[in-house]
Chemist: 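One structure follows; several queries about it will come next.
Chain letters run A, B, ... following the sequence lines, proteins first, then strands; residues in each count from 1.
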Amino acid sequence: MADLGYIALLLALVVAVYSAVASILGARSRNAELLSSSRNGIYALSGLLTLSAIALFYALFTRDFRLEYVASYSSRDLSAFYTATAFWAGNAGSLLFWAWTLSLFAALVVALNRRTNRELMPYVIAVIAVTQAFFLLLMIFLSNPFAKSAFPPADGMGLNPLLKDPGMAFHPPTLLIGYMGFTIPFAFAIAALITRRLGDEWVRVTRRWTLTAWLFLGVGNFFGMWWAYKVLGWGGYWAWDPVENAGLMPWLTGTAFLHSVMIQKRRGMLKVWNMILIIVTFCLTIFGTFLTRSGVLSSVHTFAESGLGPLFLAFIGVSLVGSTALLASRLNDLRSEDELDSFVSRESTFLLNNLILVGATFAIFLGTVFPVISEWVKGVKITVSAPFFNQVTGPIFLLLILLMGVCPLIGWRRATLRNLLRNFLYPLITAVVLAVVLFLLGVKVWYALLGFAISGFVLGTIFLEWFRGVRARHRTRKENYIKAFLNLVWGNRPRYGGYIVHVGIILLAIGILGSTAYKVEKEVTVSPGESLSIKNYVLKYENIDVYRTSKEWVAAATLSVYNGERFRGTMTAEKRFHDNYQQWVSKVAIRSNPLEDLYVIFSGWEEIDGPAIFKVVVNPLVLWIWIGGGVLILGAMIAFWPERARPAPRRTEVKA
Amino acid sequence: VKLKGLSCIISALIFSFLFAAPAVAQDLSVDDVARQLICMCGCNSVLPDCVHLECGVRESMRGEIAAQLAAGKSKAEIVQFFVDRYGEVVLSAPPKKGFNLTAWLTPFLALAAGGGVVYLLLRNWVFQGKSPAVTPSPEHSAIDEEYHRRLEKELIEFREGR
C-alpha cells in the first residue's frame with residue numbers, strides 16, 4: 001500500500017507537468033482536445049493524491065513502522081483520533097496534505113468552470129499544476145512520506161506530547177488549507193494577466209475562493225491561539241513567534257484584498273493594486289509554509305525541520321519575480337476605468353484600510369526578519385520579540401479598528417456632512433460615555449481606555465445601522481423585530497456577513513486589550529495546606545498526586561479556589577513526562593468567566609508533599625477572544641452563503 | 001491644513017506609544033525585569049514565558065535577577081548585566097538606538113509614505129479626472145447600493161407617516 005502511495009506521487013508529478021504543458025499549448029493553438037485532456041489531468045491529480053493520502057492513512061492505522069514517517073509520529077498505543085492527526089504531525093505529511101487538498105480544490109474549480117471562463121481556465125490550470133508539481137517534487141526528492149527505514153522499529157516514537165491535544169485535529173489542517181487556498185485566486189489573477197482579461201471577471205469568479213481561504217486561515221490562527229493558551233502553558237495566546245507571524249501576515253493582506261476587490265468590482269479601479277495584493281498574499285502563504293517547515297527561525301513550531309529551505313525560497317523568488325514581470329508588462333491594460341468623486345468617500349476609506357493592513361503586515365514582516373538583517377549588516381545577533389511587536393503594531397491595529405467603524409458608514413462615491421453627522425453622532429456619544437464610565441471604574445491604562453472607547457464606537461456604528469434597517473422593516477412590513485433582523489441579514493448576505501465579521505474582530509480586540517493591559521501574574525512557592533492569593537482569588541494547595549500511565553509520568557497538583565470567602569471549586573494542574581520525549585509538558589488548569597480567566601500552571605516541585613511552584617495568572621476578558629472567533633466564522637459563512645442567481649449588476653453597461 | 005493637523009496628532013500618538021516611559025513601578029518585581037529579557041535556553045521566548053523548565057535556564061536567570069534586586073540594583077543595571085554576559089541577543093526587543101532604530105521607525109515611515117502616495121493618488125483621481133462631471137447615477141450601483149436606496153426610501157416613507 002505504501003508503495004502504491006509513492007507510485008501515485010510519481011504519477012501525479014508526471015500528470016501535473018503534463019497538465020501544465022497541455023493547457024498552455026492547448027490555449028495557444030486553440031486545441032480543444034489538449035485543453036480537455038489538461039482538465040482531465042486535474043481530475044486525475046485529485047484521484048492520485050487521494051490515493052496517496054489514503055495510503056498514508058492506511059500505513060498509520062496499520063502501524064506500518066517500516067515507514068520512517070509512521071515510526072516517527074505514531075506508536076501502537078496511540079488512539080485512533082491521534083493516529084489520524086499524525087498525518088500532519090511532520091513535514092512530509094503536511095506537504096502531502098497541502099498537495100492533496102489543493103488537488104481537491106483544483107478539481108472543484110475545474111468542475112465548476114466547465115462552461116464558464118473558457119479563456120481563463122487553461123492558465124488557471126497551468127498555474128495550479130505548476131504549484132502542485134513543486135510540492136510533489138519536494139515530497140519525492142526531499143521529504144518523502146513513504147520513505148522506508150532499513151531497520152523498522154518494533155514500536156514508533158509516538159506523537160509529541162505537545163501535539164496530543166484535540167486542537168491537533170483543527171489547527172494544522174485549517175491553517176494548511178488556508179495557506180493552500182490562496183493558490184486559487186492567485187491562479188485566476190495570473191490567468192487574467194496572461195490573457196489580458198483584466199476586468200472584474202477574475203475578481204467575481206474568485207470571491208468565494210478567496211473568502212474560503214481567508215476563513216480557513218483565520219480559523220487556523222484562532223485555533224493556534226487557543227491551543228497555545230491551553231497547552232503550551234505560559235499564560236498567553238500569542239507570542240509573536242515567527243511561525244505565528246507567518247500565519248497572520250497573509251491573513252492581513254488577504255483581508256486587504258477582500259476589501260479592495262470591492263472597488264474593482266464596482267468602479268473598475270485599483271486593478272494593479274489588487275494584482276499586487278494577491279501576488280504578495282500568495283508568496284506570503286508559501287513563505288508561511290516554508291517558515292513552519294524549514295526551521296530557519298527558531299520557534300515553538302520546530303516539530304518539523306528539514307533542508308527544504310532553499311527550494312522554498314527559490315519557489316517564492318520565481319513566483320514573485322515572474323508575476324511582477326508579468327504584471328509590469330500588462331500595466332497598460334490595467335488602467336482605471338473610473339475616477340473618484342470626492343476625498344471623503346467609501347473608496348478613499350478603503351484605500352486607507354488597505355494602507356494600514358499592508359503597513360501592519362510590513363511591520364510584522366520587518367520584525368520577523370530583522371534578526372537576520374541585523375546579523376548581515378552588523379554581525380550582531382539580536383532578538384525581536386513580543387515587546388517590539390506589541391509597541392509597533394499596537395497603534396497600527398488601533399487605527400485599523402477605528403477605520404472599521406468609520407468606513408462602512410461613509411457612502412460610496414461621496415459623503416455629505418449630513419450623512420456623516422447622522423451616522424456618527426450616536427456612536428461618538430456612546431464612545432465618550434463609555435470612556436468616562438470606564439475611567440471612573442478604574443480603567444486608567446490609556447491605550448486600553450482608548451481601545452475600549454474605539455471598540456464602543458465601532459459597535460455603536462454597526463448596531464445603529466442594524467437598528468435602522470430593522471426598524472424600517474418592522475414599521476413598513478409589519479415584521480416583528482427578530483424576523484426583521486433575520487430578513488435584513490439574509491437579504492444582503494455579503495454586506496451583513498461582513499458586518500458580523502467586524503463585530504467578531506471588535507470582540508477579539510476587546511479580549512486582547514483586556515488581557516494585555518490588565519494581566520496579573522505571580523509565581524509562588526507553597527507547601528501543601530498553604531495558600532496563595534492573586535487579585536481577589538485565594539488558592540489553597542491541597543495535595544500532589546504522582547502516578548504512571550503506560551508511557552508517561554503524571555504529577556497532578558490540586559488546589560481549592562476561593563473567591564473572597566466563597567469556595568469556588570478545585571483546579572487540577574498537571575505536569576507530564578513522556579518516556580520517548582524527554583520533556584515536561586504542562587496541563588494547565590483554567591477557570592473561565594466572561595470577566596476573567598484564572599489560569600494555573602504547575603511549574604514544578606522539589607519533593608513530594610513538599611513545596612511546589614505555581615505560576616498563577618489572571619487574564620481579563622480572554623473568553624471574548626474565542627467568542628469573537630466564533631462570531632467571525634459565523635459572519636464569514638453568512639457572507640459566503642450562495643445567493644439566488646440574479647442578473648449580475650453590470651457596471652460596463654453604463655459606460656457603453 | 002486639516003490633514004496636516006491630523007497627521008501631527010497621529011505621529012504624536014505613535015511617538016508617545018513608542019517612547020513613553022513605562023509607568024513607574026513602586027516595587028520592581030522579578031517579572032518586570034524578566035520581561036526585558038529572553039530565556040537563553042534556546043526557546044527564544046520572553047523569559048517569564050519560557051515553558052522548558054527541564055533545562056533550568058529560566059530558573060537560574062530569574063534567580064540572578066532576584067539576587068541583584070535584593071542587592072538594590074536598578075532595572076537598567078540588571079539588564080546591562082545580562083547584555084554583558086550574553087550580548088544584545090538577550091534583550092526581548094532591540095534597544096531603540098543606532099541601527100536598531102530602523103526596525104522601530106521604518107514601519108511608521110512606510111505608513112507615512114504610503115499615506116502620501118494615497119493622498120496624491122486621491123488628488124489625482126478626484127481633481128484631474130478625465131470626466132469631471134460624473135454625477136452619481138443610480139444605474140451605476142451594484143446590489144449594496146440598490147439595497148441601501150430601498151432602505152432610505154422606506155425610512156423616508158416611514159417618517160412621512162405612511
Chemist: Select one option (side chain, backbone, both, neither) describing which atoms of A:I396 are under 4.5 Å from chain B's heavy atoms.
Modeler: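 A:I396 touches chain B through side-chain heavy atoms alone.
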Chemist: What part of A:E465 gets closer than 4.5 Å to chain B, counting heavy atoms only: side chain, backbone, both or neither?
Modeler: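 Only the side chain of A:E465 comes within 4.5 Å of chain B.
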Chemist: Tell me, side chain or backbone of B:D31 under 4.5 Å from chain A's heavy atoms, or both, or neither?
Modeler: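 Just the side chain, heavy atoms under 4.5 Å.
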Chemist: What part of A:V384 gets closer than 4.5 Å to chain B, counting heavy atoms only: side chain, backbone, both or neither?
Modeler: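 Its backbone and side chain both get close to chain B.
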Chemist: Considering non-hydrogen atoms only, spot the tightest contact between A:F388 and B:A103 and give its length.
Modeler: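 The answer is CZ-O, 3.4 Å.
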Chemist: Measure distances from B:R62 to the heavy atoms of chain A and classify the residue's part below 4.5 Å as side chain, backbone, both or neither.
Modeler: side chain
Chemist: Hey, mind stepping through A:W234 and B:V46 against side chain to side chain contact (heavy atoms under 4.5 Å, CB included) and telling me if it holds?
Modeler: CA-CA 10 Å; A:W234 53 275; B:V46 181; over 6 Å; no
Chemist: Is it the backbone or the side chain of A:K381 that comes under 4.5 Å from a heavy atom of chain B, or both, or neither?
Modeler: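 Both backbone and side chain.
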Chemist: Could you tell me if the side chain of B:T106 sits less than 4.5 Å from the side chain of A:F362, heavy atoms only?
Modeler: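 Result yes, sub-4.5 Å side-chain heavy-atom pair found.
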Chemist: Roughly how far apart are B:L121 CG and A:L270 CG, rounded to 0.5 Å?
Modeler: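 Between atom CG of B:L121 and atom CG of A:L270 there are 8.5 Å.
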Chemist: Please classify the contact between A:V445 and chain B as side chain, backbone, both or neither, with a heavy-atom cut-off of under 4.5 Å.
Modeler: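 Interface part for A:V445: neither.
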Chemist: Quick check on A:K615 against chain B: is it the side chain, the backbone, both or neither that has a heavy atom closer than 4.5 Å?
Modeler: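 Only the side chain of A:K615 comes within 4.5 Å of chain B.
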Chemist: Kindly indicate whether the side chain of A:T383, heavy atoms from C-beta on, has any atom under 4.5 Å from the side chain of B:V90.
Modeler: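 In short, these two side chains do not touch, never coming nearer than 4.5 Å.
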Chemist: State the OG1-CG distance between B:T102 and A:L366, to the nearest 0.5 angstrom.
Modeler: 7.0 Å
Chemist: Is it true that atom NZ of A:K444 has more than 12 heavy atoms of other residues, nucleotides or ligands lying nearer than 6.0 Å?
Modeler: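 Yes, because the 6.0 Å sphere around NZ of A:K444 holds more than 12 heavy atoms from other groups.
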Chemist: Which atoms of A:I382 are under 4.5 Å from chain B, going by heavy atoms: the side chain, the backbone, both sets, or neither?
Modeler: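 Its backbone and side chain both get close to chain B.
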Chemist: So for B:L91, is it side chain, backbone, both, or neither that comes closer than 4.5 Å to the heavy atoms of chain A?
Modeler: backbone
Chemist: Answer yes or no: is there a side-chain heavy-atom contact under 4.5 Å between A:I373 and B:F99?
Modeler: yes
